[in-house]
Asks: 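The structure is given below, and queries will be raised subsequently.
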Amino acid sequence: EAGVTQSPTHLIKTRGQQATLRCSPISGHTSVYWYQQALGLGLQFLLWYDEGEERNRGNFPPRFSGRQFPNYSSELNVNALELEDSALYLCASSLEGQGGEKLFFGSGTQLSVL
Amino acid sequence: AQSVTQLDSQVPVFEEAPVELRCNYSSSVSVYLFWYVQYPNQGLQLLLKYLSGSTLVKGINGFEAEFNKSQTSFHLRKPSVHISDTAEYFCAVTRSGGYQKVTFGTGTKLQVIP
């Protein structure tokens with residue numbers, strides 16, 4: 001069974017550009033989560049989608065947005081990139097999005113903003 | 001809102017020695033607690049979780065953690081570490097109930113010295 005897959009593995013952009021990151025959850029999982037992992041800051045919660053709806057959002061500016069498609073895959077869009085957006089972006093999925101569930105993580109997309 | 005603190009950013013320990021990685025949480029309501037491990041260039045994997053019941057939780061790879069409500073702690077322990085345990089370990093907390101985000105600590109890098 002395939003795990004959570006993320007693409008691209010690496011992404012290099014310049015300041016002001018837009019970045020699109022993609023995530024495919026484990027088959028049968030309806031919940032997709034996005035986290036930002038910047039050096040020394042641990043994982044910062046970005047967004048949570050379940051059944052196509054945004055269920056929860058972290059303390060990030062509106063230029064961080066996303067969506068979930070009918071097949072439960074998800075996109076994270078970052079507009080007007082800033083240098084401090086450079087980080088590893090991790091996607092995770094779970095079966096139903098209920099409390100206490102195990103999160104399955106992908107290997108991440110390393111975004112570098114120059 | 002809940003939060004989690006990992007006081008030690010790095011913990012060096014000799015191979016076959018015991019280790020304890022500390023985690024303290026803050027929440028005014030009932031919580032679920034987790035430990036995840038991240039090996040280099042990989043996503044996170046669940047080590048163990050506490051939802052309810054016995055306060056001593058056993059996980060994979062010989063790790064265990066004890067939930068202490070009075071001290072609001074959930075420390076991770078292993079009686080004898082191996083080189084392969086070298087990784088970053090994240091404590092996480094979420095509230096019970098639906099669509100509650102999982103909040104991660106800043107991580108502890110465990111370095112096992114041969």
Side-chain angles (χ1 to χ4, degrees), chain A residues 2-7 9-10 21 23-26 29-60 68 87-110, chain B residues 1-10 21-25 27 29-53 57 59-60 65 67 74 87-109:
Chain A
V4 176
T5 58
Q6 293 186 244
S7 64
T9 306
H10 294 86
L21 288 63
C23 172
S24 292
I26 289 173
H29 286 191
T30 64
S31 269
V32 172
Y33 314 77
W34 288 96
Y35 283 86
Q36 181 194 67
Q37 186 178 16
L39 280 175
L41 296 180
L43 276 72
Q44 303 294 314
F45 171 76
L46 270 165
L47 289 160
W48 178 356
Y49 293 96
D50 183 74
E51 297 283 1
E53 301 285 332
E54 183 180 298
R55 300 298 184 183
N56 209 326
R57 183 182 177 87
N59 296 324
F60 280 82
Q68 187 178 33
L88 180 67
Y89 289 82
L90 291 169
C91 172
S93 74
S94 71
L95 193 58
E96 295 178 337
Q98 296 305 305
E101 276 193 300
K102 173 181 177 179
L103 301 184
F104 293 80
F105 282 84
S107 298
T109 293
Q110 183 67 52
Chain B
Q2 67 272 14
S3 65
V4 62
T5 301
Q6 294 181 250
L7 291 172
D8 304 308
S9 59
Q10 295 190 49
L21 305 183
R22 296 181 295 168
C23 172
N24 288 89
Y25 69 93
S27 177
V29 297
S30 296
V31 296
Y32 299 142
L33 292 156
F34 310 81
W35 276 98
Y36 283 82
V37 60
Q38 185 178 32
Y39 298 103
N41 301 315
Q42 294 185 28
L44 280 71
Q45 302 172 34
L46 181 69
L47 273 178
L48 48 81
K49 64 180 180 180
Y50 171 79
L51 302 184
S52 65
V57 181
I60 62 172
F67 171 63
F74 190 57
E88 190 159 18
Y89 293 78
F90 291 90
C91 184
V93 63
T94 188
R95 293 170 53 181
S96 57
Y99 302 121
Q100 300 294 335
K101 68 178 183 181
V102 178
T103 300
F104 286 82
T106 51
T108 298
K109 290 184 179 177

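Chain letters run A, B, ... following the sequence lines, proteins first and then strands; every chain starts at 1. Everything numeric in this text was worked out from a predicted model, so none of it was measured.
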Asks: What part of A/L103 gets within 4.5 angstrom of chain B, counting heavy atoms only: side chain, backbone, both, or neither?
Replies: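 Both parts, backbone and side chain.
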Asks: Which answer fits B/V31, side chain, backbone, both or neither, if we ask what part of it has an atom under 4.5 Å from a heavy atom of chain A?
Replies: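 For B/V31, there is no contact with chain A at all, as no heavy atom is under 4.5 Å.
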Asks: Count the heavy atoms belonging to other residues, nucleotides or ligands that lie under 6.0 Å from CG of A/L39, then report whether that count exceeds 12.
Replies: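 No.
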Asks: Given heavy-atom pairs under 4.5 angstrom as the criterion, report whether the side chain, backbone, both or neither of B/Y36 touches chain A.
Replies: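 Side chain only.
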Asks: What's the spacing between A/E101 CD and B/Y32 OH if we round to 0.5 Å?
Replies: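 One gets 10.5 Å once the value is rounded to the nearest 0.5 Å.
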Asks: Do B/L44 and A/Y35 come close enough that some side-chain heavy atom pair is under 4.5 Å?
Replies: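 Side-chain contact under 4.5 Å: no.
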Asks: Quick one: pull up CD in B/Q45 and NZ in A/K102 and give me the separation to the nearest 0.5 Å.
Replies: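 Going from the CD atom of B/Q45 to the NZ atom of A/K102 covers 8.0 Å.
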Asks: Please flag which part of A/L90 lies under 4.5 Å from any non-hydrogen atom of chain B: side chain, backbone, both or neither.
Replies: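 The side chain, not the backbone.
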Asks: Is it the backbone or the side chain of A/Q6 that comes under 4.5 Å from a heavy atom of chain B, or both, or neither?
Replies: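 Nothing of A/Q6, per the 4.5 Å heavy-atom cut-off to chain B.
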Asks: If I take atom CG from residue A/L46 and atom NZ from residue B/K101, how far apart are they, to the nearest 0.5 angstrom?
Replies: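 So the gap between those two atoms works out to 10.5 Å.
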Asks: Which answer fits B/Q38, side chain, backbone, both or neither, if we ask what part of it has an atom under 4.5 Å from a heavy atom of chain A?
Replies: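 For B/Q38, the contact with chain A is made by the side chain alone.
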